[in-house]
Amino acid sequence: MADSDILTILKVDLQIAVNRLDEYLLALIQSARRFITQEGITLSDSMDDAVLVEMYAAYLYRRRREENAAMPRMLRYALNNRLLSEKGGQNNG
């Protein structure tokens, strides 16, 4: 999925209706992709990976408002499951 499509989903999640923040939100999407890749995950063009990037970008947006905000458990689980799925698939192939 393209970043513009993920942006649409992110704006709905964050309940943002204006376009003023689009540039910032796109930067968060790109950062989320990099952070996920640093965890050892190879992102594909699937809807599942697009939602994972969106969830991470939403976390980055919300984290800026809170001091010492921990990563949401659902996001940590999704990242772990995605990584285990990828690494497990490589060993079986």
Side-chain angles (χ1 to χ4, degrees):
M1 244 181 158
D3 285 354
S4 59
D5 298 323
I6 296 172
L7 175 64
T8 301
I9 298 167
L10 179 60
K11 287 174 74 172
V12 170
D13 183 8
L14 298 174
Q15 299 179 1
I16 296 174
V18 297
N19 296 332
R20 285 186 306 231
L21 296 175
D22 285 5
E23 219 173 294
Y24 175 67
L25 295 175
L26 284 168
L28 290 179
I29 290 168
Q30 293 167 359
S31 293
R33 284 186 187 279
R34 281 192 302 275
F35 289 138
I36 292 169
T37 301
Q38 288 173 358
E39 295 219 14
I41 296 170
T42 305
L43 293 169
S44 66
D45 197 26
S46 70
M47 177 62 95
D48 289 343
D49 282 355
V51 171
L52 184 61
V53 170
E54 185 280 328
M55 286 178 10
Y56 205 115
Y59 157 66
L60 293 173
Y61 180 84
R62 291 180 177 118
R63 182 181 75 172
R64 72 188 177 100
R65 294 182 184 191
E66 299 176 25
E67 202 172 308
N68 299 322
M71 181 178 285
R73 191 174 298 175
M74 70 166 197
L75 177 55
R76 179 78 288 178
Y77 286 156
L79 290 166
N80 289 347
N81 288 339
R82 179 63 178 80
L83 182 60
L84 288 173
S85 173
E86 179 177 337
K87 299 305 177 189
Q90 287 179 354
N91 293 335
N92 295 332

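Keep in mind it's a predicted model, so treat the numbers as computed, not measured.
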Side-chain donor or acceptor of [X] paired with backbone N/O of [Y] under 3.5 Å:
X: Lys87; Y: Ile41; answer: no
X: Asp49; Y: Ser44; answer: yes
X: Ser31; Y: Ala27; answer: yes
X: Arg65; Y: Arg62; answer: no

Assess the residue pair Thr37 and Arg34 against the criterion (side chain to side chain donor-acceptor pair (under 3.5 Å)); give the C-alpha distance rounded to whole Å, side-chain angles, the decisive distance to 0.1 Å, and a yes or no. CA-CA 5 Å; Thr37 301; Arg34 281 192 302 275; over 6 Å; no
Would you mind telling me which of Asp3, Leu60, Ile9 makes a side chain to side chain contact (heavy atoms under 4.5 Å, CB included) with Ile29?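 Of the listed residues Asp3, Leu60, Ile9, the side chain to side chain contact (heavy atoms under 4.5 Å, CB included) partner of Ile29 is Asp3.
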Inspect the surroundings of CZ in Arg20 and state if more than 12 heavy atoms from other residues, nucleotides or ligands are less than 6.0 Å away. no
Is the CE atom of Met71 crowded by more than 12 outside heavy atoms at less than 6.0 Å? yes
Spell out, yes or no, whether [X] and [Y] are grouped together once hydrophobic residues are joined by side-chain heavy atoms under 4.5 Å, including indirect joins.
X: Val12; Y: Tyr24; value: no
X: Met74; Y: Ile6; value: yes
X: Met47; Y: Leu43; value: yes
X: Leu28; Y: Val18; value: yes

Decide yes or no for [X] and [Y]: does some side-chain heavy atom of the first lie under 4.5 Å from some side-chain heavy atom of the second?
X: Lys11; Y: Asn19; value: yes
X: Leu52; Y: Leu75; value: yes
X: Leu25; Y: Ile16; value: yes
X: Leu10; Y: Tyr61; value: no

What distance do Thr42 atom OG1 and Ile36 atom CD1 have between them, rounded to the nearest 0.5 Å? 11.5 Å
Tell me the closest heavy-atom pair linking [X] and [Y], and the distance in Å.
X: Gly40; Y: Leu83; value: O-CD1, 3.5 Å
X: Ala57; Y: Ala32; value: N-CB, 3.7 Å
X: Tyr59; Y: Ala69; value: OH-O, 3.7 Å

Between Arg82 and Asp48, does any side-chain N to carboxylate O distance fall below 4.0 Å? no
